Amino acid sequence: MTTKRHFSLLCMLLAVIVCYSFTNQKPYVVNFTRDKYRAASKNWSIGQDEKGFMYFGNDRGLLESDGMGWKLYPMPNSPIVRALSVKSHDTIYTGGLDEFGRWDRDLSGSLKYTSLKELLPTKSLNNESIWRIWIDADNVYFQSFTNIYVYNNNTIKRLTTSKGFMLLLKVNDEYWVQEMYGPLYQLKNGQLNKIKGSEFLNGTITRVILPYGKNRYLIGTSTGQLYIYDKKSFTPWNSVLSRQLNGQELNCAIYCSKRNTYYLGTQLNGIYEVDIHGNILNHFYAANSLQNNTILSLYEDESNNIWIAMDRGLACIRYTDGLSYYRTMSGNSSSVYAATLWNGYLIVGTNQGVFYTPREKVNDLEMYSSLKFIEGTQGQVWSFSQIDGKLFCCHNNGLLEICPDFSVRKSYQINNGVFKTLEATINGKKIEVIITYSDLYIINKETGKINIMSQITDHIYDAEVDHLGNIWLETVRRGVYKCRLNEQLDAFRYYTYYGSETDKALPAHLQIFKSSERIIFLGENHFYTYNEGKDNLQPNPLLNQCFKNINNLKRIIPINGEESWAVTESSVYRFIYDGYVARITEAYKVEADNLSLVTDSENISVLDDSLSLICLDVGGVLHNSRQSKPRIVELAPPSLEYIHTGRDLNNGYVDIEKDIRIPYKENTVTIGFSVNNALAENLYVEYQLEGVDTSWSQPVRRNSITYARLPQGKYTLHIRSTDELNNYSADTIVHFEILPPWYNTTWWYLSCCLLTLFVFYAVFWFMRRRLQNRHLRLMNEQLQYEIEEKNAEMFTQTSFIIRKNELILKLKEIVDEICDKNTQKGLIPLYQRINNLLANNLDTDDDWKMFLIKFEQKHHNFFRTLKKNYPLLTNNDLRLCACLKLNMDTKDIASLMNLSVRAVENNRYRLRKKLDLKPTQNLNEFFLDVE
């Protein structure tokens, strides 16, 4: 009785030990090489802003990552950025050799640098490097080994000591610094206050000061000596850990609040994670997870991931509740296809053979180094089966039995490769089903007889036995078969084919798995169950609804009577199905960085009810359902960073705080955005532009979207983040408008209307003007005709008067001459009568009246103008002016005016005097200009 009791206690203790061995979770370590972030290998410092952007001080400048891409900002005057501190997404402070300053973000989302050393006297920073930067309210501390520069409101104050400083460290809201190889000081209100009792640190280099509990501090030196300071005294802490760190150059450390552990970074041997008592939980270094052993900086982001800056590359330590990651950094690693727990060992089957390790070694991050190879198992392993306490390995060389001493022997002398073996009970008789590359074997466990089932010629890949004793066979390329054994168990009594060849509604290839003691079929992302009444396969509405948004389902692996795993190319889902309810309870994305499921052989090995090993091509992920928690995933929506329009990369950035109205000539639009923690959480984005995209895009890793040559109109862009596990953030919505082209605006139409009206008016005006001109021309021609008529009449009348007067005068001369020569008195009355008649006809007043009437009709303002300008002119003067206006010669004027030529010349002379003409001025030309 006592022996049994002791044995039971021993089993319980073993179970507790085994359970504890799996509770120490192993994180996933993501490495970033210089080829990925495209900068120098060495990284000095780390920071994060409120949007989740990560920043790294690199040998070539300030390195920025929004999770979707990387961007390097060279720092002017000093390529090396050794220290940085993030104030906000828009302001970052950096420092390096002989240089420190600030970066500010512009409309394009890029950072622009402003040097602050100009605020110091010339050459003040010569040969100084900035090693730490801290932001304390309005003050920014820049620490070198010589000085601490306090920047505030564009002024800089310098703090210094005669010996200089080591590293300025922040503990909660306090700032501590060691005098060079001397005691510790606390920086407060711009003053350095010495820490009493810290003189014992003289000659050491203090690189670690962290909170320890509420009111104590953990102090660490470069030699690995660790102390607890309680504001009164310094007490050594965990001498075992100090001895471990001795000679490894403790360089930096952080406290992880979520895990309540410390991460100690060394220069020679990677990182140690220790608990609050100093016990080592994990050791991350080049042989098991990191690219390099020299740790230059550590940082905990807002999602409690641990970032590592190294002498070569960057890394991120990420924990997921319930998952422990195991992999090797060796390039000669093998892919894991199956695993099982057996006799206190973890047995791992790979493409190179079978390995084993004690179960307690799973607690070690270096589990791979403890794996031992089982001789005789060289080659491809497909699966394991435990039957009657024995372990069988389905192998490329046949069915192998692994003995407790790890020797190997062939079972049943099957010389063909074996995919799977399973045990079942049919008609009260135990059988074993063995699926090989070419044949299906049924073994009667009672008689040991081996039967080759040759009735079905298709190659069989998998098999399951249902609750009715039917054997379901999955073929390699066709559908499935339902088979019934005869009483002798040596042949099929009957079998029925189900597949696309007999039912076009079914997919070409169907997989079989067992859940809730029922056979379920999977093909092309759809689930089917067997309907006994109709003897056909019908869609399973519960499972199809449960997995409606999940694509590329590869395999279903039962865990227990109700729970199973669903596996895709890159994700795994734990779900419940009992025939009445189907619900996904957990979902995990298999990380892309150096981790992936085995292509076309995706598998999860169920070790027991709580433990499952996700098989990977370079290791495995251990899932512990006792540690996993239903995760409420809340993804932050993407943040809009900038909007760029047009094709000129240097111009075209718009203010995203205002209504976005884009000219048509700049209708190529690029929207830049960021996703919080996209880098650490392995997030993607999807987007859809209403009116352009008919559906959401595929998940992509990018931080900008470009739409080229968009038509005019109003647009709404939706962007969301996703983890590819059907978890989505709220939509980030961007509204913008492409303005119409110049030829399609209201102003253009109004201008066209106005232009049309103007054209009509111009045509109307032109036609009217043309008609008017034509009318005026006709009138002008009429007037010209009339003028010519008047001129002709005037000329005719003037000529008539002149000729008449000349004729009369001539006749009078003749009469006078005849009278003078003839003295007859009887002719005197005749002479007098003729003379009177000639004299009467020579009266020019009537002639002048007619002349002036005609003249006035043609030149109606002539006399008025002369009288106005020259009021002294007489009527005779005006008559002479009219004659001169008509450009008549002196003889004609004399004849017309019944004057002698001499009299006319005298009148012309007097007229020149009255008109006050110059001697050189022509009198006739003068009157030609008078209107």
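All of these numbers come straight from a predicted model, not from anything done at the bench.
Taking OG from Ser335 and CG from Leu597, the interatomic distance works out to 11.0 Å, rounded to the nearest 0.5 Å. Once rounded to the nearest 0.5 Å, the distance linking CZ of Arg259 with CG of Asn282 reads 6.5 Å. Expressed to the nearest 0.5 Å, how far CZ of Phe384 lies from OH of Tyr337 amounts to 13.0 Å. Here the straight-line distance linking atom CG of Asp731 with atom OG of Ser729 works out to 7.0 Å at 0.5 Å rounding. Between the CG atom in Leu314 and the CG atom in Asn292 there is a gap of 11.0 Å [rounded to 0.5 Å]. Here the CD1-OH distance, from Ile374 to Tyr356, works out to 7.0 Å after rounding to the nearest 0.5 Å.
A tilted orientation is assigned to the rings of His526 and Tyr528, their planes being inclined by 30° to 60°. The aromatic rings of Tyr262 and Tyr255 sit tilted, their planes meeting at an angle between 30° and 60°.
Looking only at side-chain heavy atoms (C-beta outward), Pro637 and Phe673 stay at 4.5 Å or farther from each other. Looking at heavy atoms from C-beta onward, Thr350 lies in side-chain contact with Phe355 at the 4.5 angstrom threshold. With a 4.5 Å cut-off on side-chain heavy atoms, Tyr212 and Leu210 do not count as touching. Ser383 places none of its side-chain heavy atoms less than 4.5 Å from the side chain of Phe419. Between Asp723 and Asn682 the shortest side-chain heavy-atom distance does not fall below 4.5 Å. A heavy-atom distance below 4.5 Å is found between the side chains of Ile347 and Phe406. No side-chain heavy atom of Leu522 sits under 4.5 Å from any side-chain heavy atom of Leu543.
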Pair His467, Arg518 - check side-chain contact (heavy atoms from CB on, under 4.5 Å), show working.
CA-CA 7 Å; His467 64 292; Arg518 303 270 299 186; 4.3 Å; yes

Pair Arg702, Tyr687 - check side-chain contact (heavy atoms from CB on, under 4.5 Å), show working.
CA-CA 11 Å; Arg702 62 190 308 174; Tyr687 55 89; 3.3 Å; yes

Could you go step by step and tell me if Asp35 and Thr33 meet the side chain to side chain donor-acceptor pair (under 3.5 Å) rule?
CA-CA 5 Å; Asp35 294 334; Thr33 64; 4.7 Å; no

Between Gln380 and Trp382, does the side-chain contact (heavy atoms from CB on, under 4.5 Å) criterion hold? Intermediate values first, please.
CA-CA 7 Å; Gln380 175 70 55; Trp382 294 111; 3.5 Å; yes

Would you sort out whether Leu264 and Leu250 count as a side-chain contact (heavy atoms from CB on, under 4.5 Å), showing the intermediate values?
CA-CA 7 Å; Leu264 309 177; Leu250 180 62; 3.8 Å; yes

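Between Phe284 and Tyr272, the ring centre distance reaches or exceeds 6.0 Å. Ring pair Phe56/Trp307: centre-to-centre distance below 6.0 Å. Taking the ring centroids of His623 and Tyr588, they lie under the 6.0 Å cut-off. Taking the ring centroids of Tyr37 and Trp70, they lie under the 6.0 Å cut-off.
No donor-acceptor pair closer than 3.5 Å links the side chain of Asp388 to the backbone N or O of Lys390. Remark: the backbone N or O of Thr568 is not paired with any side-chain donor or acceptor of Ser571 at under 3.5 angstrom. Between the side chain of Asn251 and the main chain of Ile295, a donor-acceptor pair closer than 3.5 Å is present. Side-chain atoms of Asp66 never come within 3.5 Å of backbone atoms of Asn703 as a donor-acceptor pair (strictly under, hydrogens ignored). Using modelled atom types, no side-chain atom of Ser297 and backbone atom of Ser45 make a donor-acceptor pair closer than 3.5 Å. Within the 3.5 Å criterion, the main-chain N or O of Lys361 finds no donor-acceptor partner in the side chain of Thr357. For Ser721 (side chain) and Ala636 (main-chain N/O), a donor-acceptor pair under 3.5 Å exists by modelled atom type. Side-chain N or O atoms of Thr722 include one that pairs as donor or acceptor with a backbone N or O of Asn727 at under 3.5 Å. Using modelled atom types, no side-chain atom of Glu602 and backbone atom of Val567 make a donor-acceptor pair closer than 3.5 Å. Thr585 contributes a side-chain N or O that, together with a main-chain N or O of Arg574, makes up a donor-acceptor pair within less than 3.5 Å.
Every pair passing side-chain hydrogen bond (donor to acceptor under 3.5 Å, both in side chains) that includes a residue from residues 544-555 is listed here, sequence neighbours excluded: Arg555-Asn603.
Of all heavy-atom pairs between Asp275 and Thr261, the closest is CA-CG2, 4.3 Å. In plain terms, the two heavy atoms of Ile520 and Tyr577 that are nearest each other are CD1-CE2, 4.0 Å. Taking both residues in full, the closest heavy atoms of Asn269 and His283 are given as O-NE2, 2.8 Å, listed atom of the first, atom of the second, then distance. Nearest heavy atoms, Pro27 versus Tyr325: O-CB, 3.5 Å.
Residues passing the ring pair (Phe, Tyr, Trp, His ring centres under 6.0 Å) test with His718: none are found, sequence neighbours excluded. Partners of Asp462 according to the salt bridge (charged side-chain N to carboxylate O under 4.0 Å, His left out) rule, which considers only residues two or more places apart in sequence or in another chain, are Lys420. Applying the ring pair (Phe, Tyr, Trp, His ring centres under 6.0 Å) test to Phe527 and every residue at least two apart in sequence or in another chain returns Phe547. Asp578 pairs by the salt bridge (charged side-chain N to carboxylate O under 4.0 Å, His left out) definition with nothing, not counting sequence neighbours. Arg312 pairs by the salt bridge (charged side-chain N to carboxylate O under 4.0 Å, His left out) definition with nothing, not counting sequence neighbours.
The cationic group of Arg583 does not satisfy the cation-pi geometry with Phe575, failing either the under 6.0 Å distance to the six-membered ring centre or the 45° limit from the ring axis. Annotation: cation-pi pair Arg318/Tyr28 absent, no NZ/CZ under 6.0 Å from the ring centroid and within 45° of its normal.
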